[in-house]
Amino acid sequence: MPEAPEVQTVISTLASQIKDSTIVDVTVYYDKILETEDFVNKIKGQSFLSFSRIGKYLIFTTEKYDFVVHLRMEGKFYIMDTFPKDLKHIHVIFHLDDGRYLCYHDTRKFGRMALYDKVDNKYDCPALKNVGWDVLDDRFNAMYFYNKIHKSNRNLKTALLDQSIQAGIGNIYADEICFMSRLDPRSRCSRLSKKDCEKIVEMTKYIIKGAIKAGGTTIRSYTSSLGVTGLFQLQLHVHTKKDEPCEICHNKIIKTVIASRGTYICTHCQKRK
DNA sequence: AAGTTCCCCTGTTAGC
DNA sequence: TGCTAACAGGGGAACT
């Protein structure tokens, strides 16, 4: 499931591949993907001028619009030199002026795309009205995070996954952030100190930046038309490591459920507050 | 107001 | 072996 680093990889790759391409036609096979009215007619004739990311949202800016995409769990873009033969799971195809096709592929059909009038500050885009600062934005800092959570009765993991506080963390990185911060994700937010928040924010930025670097490294081995999936290899410390020994203390990592998300914890290294 | 639950989907895995 | 049921998960709507 793409989180901020994977989305960054996707947007960077697309920027290098389709910048200044013009959309001459759009074929839609599953229109629930499209959230705004008259999407196809509006986007026809528009060109991909600039590319940005806030949290897990991809933002393609054209002459008139911000074209906003959320990949949710399994959304992927493929660039094809010829019209795809296998249309299974392909829901939207953008025909580009140079003859290539930008294909949106999504097995679970959870992804969404929308078109809004272009704005200078992307945080003002209606698609992002409930989205907090991107995790790499300087405004996502320790005091901001502390002020957002210190009166909350929720647990730490729920706060990390709450995109209205900070945007870009998904289930995998939430576990990794808690591990690196040595805090149990079940800890109550109201019991966390400013020091804890400093550590959490520091580790969040460290992990996300590291993952973006890893993604950037991996992407170079891609052959051009094969696709833009944003997959990358990152060394995980706890997530998916059920029953494996913690690399620090060698106790078994446990799996539990928090906020209906599978959650991995080293209960020895990660303090529950 | 804050927090929780349900729902959207379908490939994969567990259970019989 | 082959079937069905349970499960996974991001985010928004609906609900408490």
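These numbers come from the heavy atoms of this one structure, side chains and all, not from hydrogens, waters or symmetry mates. Just so we're on the same page: letters track the sequence lines, and every chain starts at 1. Since the structure is predicted, the reported quantities are computational estimates derived from the model, not experimental observations.
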- Task: Please step through salt bridge (charged side-chain N to carboxylate O under 4.0 Å, His left out) for the pair A:K273 and A:D196, ending with a clear verdict.
- Result: CA-CA 10 Å; A:K273 296 199 172 184; A:D196 292 327; 2.8 Å; yes
Polar-atom pairs under 3.5 Å, protein N or O versus N or O of nucleotides 7-9 of chain C: list them with distances, or write none.
| unit_1 | atom_1 | unit_2 | atom_2 | d |
| --- | --- | --- | --- | --- |
| C:dA8 | N3 | A:R108 | NH1 | 3.2 |
| C:dG9 | OP1 | A:N171 | ND2 | 3.1 |
| C:dG9 | OP2 | A:G262 | N | 3.0 |
| C:dG9 | N2 | A:R108 | NH1 | 2.9 |
| C:dG9 | N3 | A:R108 | NH1 | 3.4 |

- Message: Other residues, nucleotides and ligands only: do more than 12 of their heavy atoms fall within 6.0 Å of OH on A:Y29?
- Response: yes
- Message: Less than 4.0 angstrom between a side-chain N/O of A:H89 and OP1 or OP2 of B:dC9, yes or no?
- Response: no
- Note on the structure: Whether each nucleotide of nucleotides 1-6 of chain B has a protein heavy atom under 4.0 Å at its base (B), only at its sugar-phosphate (S) or at neither (-) is summarised, 5' to 3', as --S---
- Could you check how far CG of A:L71 sits from P of C:dG10, rounded to whole Å? 13 Å
- Message: Whole angstroms only, please: what is the CE-C1' distance between A:M113 and C:dG10?
- Response: 16 Å
- Query: Members other than A:Y146 in its cluster, when Ile, Leu, Val, Met, Phe, Trp, Tyr link by side-chain heavy atoms under 4.5 Å?
  - Reply: A:M143
- Task: Measure the distance from NZ on A:K76 to P on B:dG11 and round it to the nearest whole Å.
- Result: 12 Å
- Query: Is the closest basic N to carboxylate O distance between A:R100 and A:D98 below 4.0 Å?
  - Reply: yes
- Message: I need the residues from residues 123-133 of chain A with at least one non-hydrogen atom less than 4.0 Å from DNA chain B; give them sorted by number, or say none.
- Response: none
- Query: Is A:D66 salt-bridged to A:K122, cutoff N-O under 4.0 Å?
  - Reply: yes
- Item | Over 12 non-hydrogen atoms of neighbours within 6.0 angstrom of CG in A:D138 | no
- Whole-Å distance, A:K32 NZ to B:dC9 P, equals 3 Å
- Query: How long is the line joining CD of A:Q163 and P of C:dA13, in whole Å?
  - Reply: 15 Å
Enumerate the protein-to-nucleotides 14-16 of chain C contacts in which both atoms are nitrogen or oxygen and the separation is below 3.5 Å.
none

- B:dC9 OP1/OP2 closer than 4.0 Å to side-chain N/O of A:Y30: yes
- Indicate, with a heavy-atom threshold strictly under 4.0 Å, whether A:E74 touches base, sugar-phosphate, or nothing. nothing
- Message: If you count every heavy atom of other residues, nucleotides or ligands that lies below 6.0 Å from A:K209 atom NZ, does the total exceed 12?
- Response: no
- Message: On the nucleotide B:dC8, are OP1 or OP2 found under 4.0 Å from the side-chain N or O atoms that A:K109 carries?
- Response: no
- Task: Anything under 30° is parallel, anything over 60° is perpendicular, the rest tilted; go ahead and classify A:F48 against A:F60.
- Result: perpendicular
- Message: Does A:K19, at its NZ atom, have more than 12 non-hydrogen atoms belonging to other residues, nucleotides or ligands within less than 6.0 Å?
- Response: yes
- Message: Can you tell whether the side chains of A:D134 and A:R53 come within less than 4.0 Å, N to carboxylate O?
- Response: yes
- Query: Just how far, in rounded Å, is C1' of B:dC8 from NE2 of A:H91?
  - Reply: 13 Å
- Item | SB check A:K44 A:D25 (cutoff 4.0 Å) | yes
- May I ask you to decide whether A:D106 forms a salt bridge with A:K76, counting only side-chain N to carboxylate O separations under 4.0 Å? no
- Over its full length, what angle do the end axes of the helix from B:dA2-C:dT16 to B:dC16-C:dG2 make, each axis taken from five pairs and the result rounded to 10 degrees? 60°
- Task: Measure from the side-chain heavy atoms of A:K88 and tell me the nearest of B:dG11, C:dG10, B:dC8.
- Result: B:dG11
- Query: When you look at A:S190 and A:K151, which way does the side-chain hydrogen bond (donor to acceptor under 3.5 Å, both in side chains) test go after all the steps?
  - Reply: CA-CA 5 Å; A:S190 56; A:K151 289 177 183 165; over 6 Å; no
- Return yes when atom CD of A:E63 has more than 12 non-hydrogen atoms of other residues, nucleotides or ligands closer than 6.0 Å, and no otherwise. yes
- Is it true that A:V40 and A:F94 fall in one hydrophobic cluster, defined by side-chain heavy atoms closer than 4.5 Å? yes
- Could you tell me whether A:K148 and A:D162 have a side-chain N and a carboxylate O separated by less than 4.0 Å? no
